[in-house]
Amino acid sequence: MPRGGPDASCLDRLLQTDRLEFLDRDDIDAGVKRTVVETLDRVGAMFGEHDRNVGLVLDEVADVADPRILELGAGHGALSRRILEQHPTATVTVSDVSLESVAAIAASELGRDPRATVAVIDATAIDAPDNSFDLAVFALSFHHLRPEQALQVLAEGTRVADRFVVIDLPRPPSILHIARLATMAPFALFWPFAHDGLISSLRAYSPSALRALAALVDPPIEAQISTNPFDRQVMVARRTC
């Protein structure tokens, strides 16, 4: 399925790639990957992205006294760190498929917090019983997934948690998308963060694609999607049976 959805235009279908980001490649030095992750953390803090994301998460568990939250694809762990800072009784399981990221989180202040559990978890096959969490969240990493992986993650996220929140990059209309790519391309030649950002943009799913993926999940789920082409898009999903 095209990243722009089943009805994507010919131009939009050209604005996608199967090329992997540095973060997803086994042939890239761990130091380069760590630089990308740390830059993502700094940029997220600088532009208030972490705070907006934690606001979304806490709104979803506002009716839960002691929420159990699973963060998938945590990367730097900033979202879970802020959840614990802003919610006095929440517990978090902070996870990533990257051994390096999990080790860095475990060695940080977050990893030493008694309300945090740090684990290596593959979001396509979560080793946890049904309904283990009140909320699962996958923030700014969903675009890394191929469509078949995305289906598995939606099925698993809605299996282990009452609600599953996906926060990711928006896929803007094609003309705006070309303008965005043109501004990023020169920096991508020498800056790993920009390299991965450019590929992320090409791999981002549109709301149409997210709705199409949600419709294919078995057992069925319901999904509400909101998007801002200049900020992010959010899917809140849960099983219907």
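When all heavy atoms of V37 and G75 are compared, the closest pair comes out as CG1-C, 3.9 Å. Shortest non-hydrogen contact noted between L15 and S174 is CD1-O, 3.9 Å. The nearest pair of heavy atoms linking L169 to A204 is O-CB, 4.0 Å. Considering every non-hydrogen atom in both F193 and V36, the closest pair reads N-CG2, 4.2 Å. Residues G157 and I126 approach most closely at N-CD1, 4.3 Å, considering heavy atoms. Across every non-hydrogen atom of R180 and P172, the tightest pair is NH1-CD, 3.8 Å.
Note on I167: it clusters hydrophobically with I83, by side-chain heavy-atom contacts below 4.5 Å among ILVMFWY residues. Residues V97 and F138 do not share a hydrophobic cluster, defined by chaining ILVMFWY side chains whose heavy atoms lie under 4.5 Å apart. Linking ILVMFWY side-chain heavy atoms closer than 4.5 Å, directly or via other members, places L110 and V102 in a single hydrophobic cluster. The hydrophobic clustering, which links ILVMFWY residues whose side-chain heavy atoms are closer than 4.5 Å, places I69 and L56 together. Under the 4.5 Å side-chain heavy-atom criterion for grouping Ile, Leu, Val, Met, Phe, Trp and Tyr, Y205 is connected to V217 within one hydrophobic cluster.
Residues passing the side chain to side chain contact (heavy atoms under 4.5 Å, CB included) test with R211 are P207, S208, I225, sequence neighbours excluded. Taking R115 as the reference, nothing meets the salt bridge (Lys or Arg N to Asp or Glu O under 4.0 Å) condition, with sequence neighbours excluded. Considering only residues two or more places apart in sequence or on other chains, D113 meets the salt bridge (Lys or Arg N to Asp or Glu O under 4.0 Å) condition with none of them. R159 pairs by the side-chain hydrogen bond (donor to acceptor under 3.5 Å, both in side chains) definition with D130, E156, not counting sequence neighbours. Shown here are the salt bridge (Lys or Arg N to Asp or Glu O under 4.0 Å) partners of E60, two or more places apart in sequence or in another chain: R163. With sequence neighbours excluded, no residue forms a ring-ring contact (aromatic ring centres under 6.0 Å, His included) with H143. In terms of the ring-ring contact (aromatic ring centres under 6.0 Å, His included) criterion, residue partners of H50 (sequence neighbours excluded) are, by chain and number, H76. Residues passing the side chain to side chain contact (heavy atoms under 4.5 Å, CB included) test with S132 are A128, P129, sequence neighbours excluded. Not counting sequence neighbours, R13 has no partner by the salt bridge (Lys or Arg N to Asp or Glu O under 4.0 Å) test.
Its side chain outside the 4.5 Å cluster rule for every partner, I199 clusters with none of the Ile, Leu, Val, Met, Phe, Trp and Tyr residues. Applying the 4.5 Å side-chain rule to ILVMFWY residues, one finds L176 in the same cluster as F230.
Judged by distance alone, the side chain of S95 and the main-chain N or O of E71 form a donor-acceptor pair under 3.5 Å. At least one donor-acceptor pair closer than 3.5 Å links the side chain of S206 to the backbone N or O of G4. In terms of modelled atom types and a separation under 3.5 Å, the side chain of H177 and the main chain of S201 share a donor-acceptor contact. In this structure, T93 contributes its side chain and A119 its backbone to no donor-acceptor pair below 3.5 Å. Between the D134 side chain and the R68 main chain, a donor and an acceptor come within less than 3.5 Å of each other.
Classified by interplanar angle (parallel below 30°, tilted 30° to 60°, perpendicular above 60°), the ring pair F22/H195 is parallel.
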Worked check of side-chain contact (heavy atoms from CB on, under 4.5 Å) between I178 and L11: CA-CA 10 Å; I178 291 171; L11 179 56; 4.1 Å; yes
I121/D127 under side-chain contact (heavy atoms from CB on, under 4.5 Å): CA gap, chis, key distance, verdict: CA-CA 7 Å; I121 294 179; D127 185 14; over 6 Å; no
Derivation and outcome, side-chain contact (heavy atoms from CB on, under 4.5 Å), residues V166 and L210: CA-CA 10 Å; V166 175; L210 292 177; 5.5 Å; no
V94/R81 under side-chain contact (heavy atoms from CB on, under 4.5 Å): CA gap, chis, key distance, verdict: CA-CA 9 Å; V94 197; R81 186 168 64 246; over 6 Å; no
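More than 12 heavy atoms of other residues, nucleotides or ligands lie within 6.0 Å of CG in D27, so this atom counts as buried by the packing criterion. A 6.0 Å sphere centred on CG of N228 holds more than 12 heavy atoms belonging to other residues, nucleotides or ligands. The number of heavy atoms from other shown groups lying within 6.0 Å of CZ (R52) is above 12. Environment of CG in D51: crowded, with over 12 heavy atoms of neighbouring residues, nucleotides or ligands closer than 6.0 Å.
In this structure, CG on D41 lies 11.0 Å from CG on L79, to the nearest 0.5 angstrom. Distance check: E109 CD to L84 CG gives 10.0 Å after rounding to the nearest 0.5 Å. Separating the CZ atom in R203 from the CG atom in L198 is a distance of 12.5 Å, to the nearest 0.5 Å. The CZ atom of R171 sits 8.0 Å away from atom CZ of R3, with the distance rounded to the nearest 0.5 Å. Rounded to the nearest 0.5 angstrom, L135 CG and D162 CG are separated by 8.5 Å. With rounding to the nearest 0.5 Å, the separation of CZ in F164 from CG in L70 is 8.5 Å.
Applying the ring pair (Phe, Tyr, Trp, His ring centres under 6.0 Å) definition to pairs two or more places apart or across chains, none involves residues 98-137.
Residues L213 and L145 form no side-chain contact, since every pair of their non-hydrogen atoms from C-beta on lies 4.5 Å or further apart. The side-chain heavy atoms of L154 and M235, taken from C-beta on, include a pair separated by under 4.5 Å. When side chains are defined from C-beta on, R82 does not count as touching V57, because their heavy atoms never get closer than 4.5 Å.
Checking S98 against D96 by side-chain atom types alone, no donor-acceptor pair falls below 3.5 Å.
D24 pairs with exactly one of K33, R19, H144 by the side chain to side chain donor-acceptor pair (under 3.5 Å) rule, that one being H144.
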